[in-house]
Amino acid sequence: MQSSLLPHMLHGCDYNPDQWLDRPDILEEDIQYMKKAGINCVSLGIFAWAALEPEEGVYTFGWLGEIIENLHQNGIVTFLATPSGARPVWMAKKYPEVLRTGSDLVRGEMGDRHNHCYTSPVYREKVYAVNKKLAETFGSHPAVKLWHLSNEYGGECFCPLCVAAFRRWLETKYQTVNAVNDAWWTRFWSHTYTDWSQIDPPLTRGEHCTQGLKLDWMRFVTAQTVDFMTWEKKAVRDGGSSLPVTANFMGFYDGLNYSKFAPLLDVVSWDSYPSWHSDAETDAGVAVHTAASHDLMRSILPDKPWLLMESTPSCTNWQPVSKVKRPGMHMLSSMQAVAHGSDSVQYFQWRKSRGSCEKFHGAVVSHDRRSDTRVFGDVAGLGKRLASLDALIGSVPRPQAAVLYDRENDWAIKGSAGPRNAGMGYQETVVRHYQALWQMGIGCDLPDMEADLSRYAFIAAPMLYMQRAGIAEKLRRFVENGGVLVGTCFSGLVDENDLCFLSDAPNGLVDVFGVRAEEFSGLYDNEFNHTIWSDRCYAMSSIIELVRPEGASVLAAFENDFYRGEPSLTVNHYGKGKAYYIAGGAGLPLLSDLYAQLADELNLPRALDAELPEGVTAQTRMKGDRTFVVAQNYQQYPARIHLHTPIRDLETGEEVSLLELSPYGVRVLEK
């Protein structure tokens, strides 16, 4: 596909006219209000299956055609969804096999959404039929620009069909039952299998102590979901449509390994719902995790712009406490996505439903049907601003730094059974390493172990517990060729099946790091060890590791307990590069100071040539010889930044040496 879907920034929403087909006055009002708010695209038909096929084999597409054409005549394009995210009642009642079975082996009843079985031949047949018919009918309409496949793929099914498919998947992967026994170490507790029919997935009342089984089950769930998405894509292709496809993902959602979907996608999209104005952390803290989520999703297809498919213009209704956005936050949070490479800002939802469980979820238009509200004004203001930013279309971040995050490693750590069953904090650790770069305005990818790592100058690989996809050799080559690597405790311990290596840790990287990890110990939540580096004392938490230098230089040592004097931070020269090893759970202060030093040594590009105040960051997007910078202030007070190198405000043309940001302010600049 081209670098971007359209020559303009997309400003859109999930639109559900099927809920209002008996109210032509509201449908007419929608068009008027969309134009007033600067809406130029909608995602259409996401949960409309009952309106599209009210009876089996009876398709009623007329209303959809009228909506698409009316939108088109008013300059609004359509992302057309396949309706598989929620099947109609008639299907569930006539074909109960389409409903999922839980890990307790009880089949669900009709209700909710996303409770369909991806393996069911009946469900696949019905999905294929409606998808193909949609493609035949609308695939060549000039207003339809993108296929939105299903909605937020996720979940697992334990029905007999899925269990049989799981066994077939295992047989294809391992060939023999004995190979499964070896990979899963089933001789432990005498759990050895002698026939494929004996293998069950991890059931509520079944096997939970065989980590290899749990890992392969999650891999199978991902593979089966990818296969189902492939089936959906085939249907629209068989219907004659060659339009690009996307599927809206969910950031750090741990039910699927999203990187496996990359070959099917023309563009990545995801649904972002941060808990702004939380009582648990600052808005800057929320911004860090949101930024990491943006970059995690972008890293699936790192050389292309992506789409913010869903966000809320005000609040959600499903978080423990749903807060509306304070003045300025809608603009800032939306522009944050743009800063990290999105060519769109889109909302769930356009108009609030009258009933059911999302009737109080934020929307552009509320139940009062007014366009003079604060929320509508915020949306219209953003629409006007996005319309002036066409120069950014097709530009992408090009980071030279990466923090390795691997979903399968996450699954493995959660099931590792020690040393901290109270929570190993892998994701939190990754985000903390990311934050140390984010707060300096240094762009960062979050690739997994299967990614090409040669494009980076700096890689942090925290808690690399599991090694798969040849990652040890990749990191070895990376350092050997001049890269700087930071590794941490709890690394290089198991293979892809969670079998411990019978070698020194970190496996295959002892000579690269120049240290050998001998043993590790968990710390209680409020327990700390300390280390002194560069005359500053830092707290270390969660895990402490005893390491033996094998060529590395010791930069710092632990201060407490019997670890006193043992290495806490080391560096080793290997080939043309360097490898640092942190032997404990490093906090943000240590990572910030270490990464600032390494960034200067490597000359990692910062978005702004300045020291950034707390809560302020900036990100870059590049296209050709143009570099754009989006500066953001997540504080409730103004920020003033003295720039060492002046920069031009893209929107005003002003040359700026003193960059001023209002509370929750954001500015778009060009170097």
Exercise. Determine, step by step, whether Thr186 and Asn181 satisfy the side chain to side chain donor-acceptor pair (under 3.5 Å) criterion, reporting the C-alpha distance in whole Å, the side-chain angles of both residues, the deciding distance to 0.1 Å, and the verdict.
Key: CA-CA 5 Å; Thr186 58; Asn181 287 322; 2.7 Å; yes
Could you pull out the closest heavy-atom pair between [X] and [Y], with the gap in Å?
X      : Y      : value
Gly415 : Gln211 : O-NE2, 2.8 Å
Cys444 : Leu437 : SG-CD1, 3.9 Å
Phe61  : Lys133 : CE2-CG, 3.3 Å
Asp448 : Leu404 : O-CD1, 3.7 Å
Met424 : Met463 : O-CE, 3.7 Å
Thr204 : Asp104 : OG1-N, 3.4 Å

Can you label the angle between the [X] ring and the [Y] ring as parallel, tilted or perpendicular, going by 30° and 60°?
X      : Y      : result
Phe490 : Phe520 : perpendicular
Tyr174 : Trp184 : perpendicular
Tyr405 : Tyr426 : parallel
Phe513 : Tyr581 : perpendicular
Tyr153 : Phe228 : perpendicular

Can a salt bridge be assigned to the pair [X] and [Y] using a cut-off of 4.0 Å between side-chain N and carboxylate O?
X      : Y      : result
Asp445 : Arg298 : yes
Lys214 : Glu207 : no
Arg476 : Asp511 : yes
Arg113 : Glu152 : yes
Asp195 : Arg167 : no
Asp182 : Arg187 : yes
Glu518 : Arg516 : yes

Practice problem: Any chance you could lay out the side chain to side chain donor-acceptor pair (under 3.5 Å) test for Tyr118 and Arg124, step after step, and finish with the verdict? | Solution: CA-CA 7 Å; Tyr118 290 135; Arg124 289 189 173 218; over 6 Å; no
Would a distance-only check, ignoring hydrogens and angles, find a side-chain to backbone donor-acceptor pair under 3.5 Å from [X] to [Y]?
X      : Y      : result
Thr101 : Gly108 : no
Thr222 : Met218 : yes
Ser416 : Gly418 : yes
Tyr253 : Gly154 : no
Arg237 : Ser241 : yes
Ser299 : Leu446 : yes
Lys126 : Ser84  : no
Ser120 : Tyr123 : yes
Arg420 : Gly425 : no
Arg468 : Glu450 : no

Quiz item: Given side chains that start at C-beta, do those of Leu146 and Leu307 come closer than 4.5 Å, heavy atoms only?
Solution: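 Sidechains of Leu307 and Leu146: in contact.
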Quiz item: Any side-chain heavy atom of Val221 within less than 4.5 Å of one from Gln224?
Solution: no
Quiz item: From Ile413 CD1 over to Asp498 CG, what is the distance, rounded to the nearest 0.5 angstrom?
Solution: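 Separation between the atoms: 10.0 Å.
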Practice problem: Kindly compute the distance separating CZ (Phe79) from CE (Met309), expressed to the nearest 0.5 Å. | Solution: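 Answer rounded to 0.5 Å: 5.5 Å.
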Exercise. Tell me whether the guanidinium CZ or amine NZ of Arg219 lies under 6.0 angstrom from the six-membered ring centre of Trp217 and within 45° of its axis.
Key: no
Could you check whether [Y] and [X], counting side-chain N and O atoms only, form a donor-acceptor pair closer than 3.5 Å?
X      : Y      : answer
Ser269 : Thr246 : yes
Asp495 : Gln467 : no
Trp270 : His294 : yes

Self-check item: Evaluation steps, side chain to side chain donor-acceptor pair (under 3.5 Å), between Thr82 and Ser150
Solution: CA-CA 5 Å; Thr82 62; Ser150 198; 5.2 Å; no
Self-check item: Glu428/Arg432 under salt bridge (charged side-chain N to carboxylate O under 4.0 Å, His left out): CA gap, chis, key distance, verdict
Solution: CA-CA 6 Å; Glu428 294 82 358; Arg432 194 157 56 244; over 6 Å; no
Quiz item: Going through the checks in order, is the side chain to side chain donor-acceptor pair (under 3.5 Å) test met by Tyr95 and Glu125?
Solution: CA-CA 12 Å; Tyr95 304 106; Glu125 173 193 335; over 6 Å; no
Exercise. Determine, using ring centers only, whether Tyr456 and Phe478 are less than 6.0 Å apart.
Key: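 So the answer is no for these two rings.
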Self-check item: Near-ring test Phe261/Phe249, centroid separation under 6.0 angstrom
Solution: yes
Self-check item: Trp169 atom CH2, neighbour heavy-atom count above 12 within 6.0 Å
Solution: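 Enclosed: over 12 neighbouring heavy atoms sit under 6.0 Å from CH2 of Trp169.
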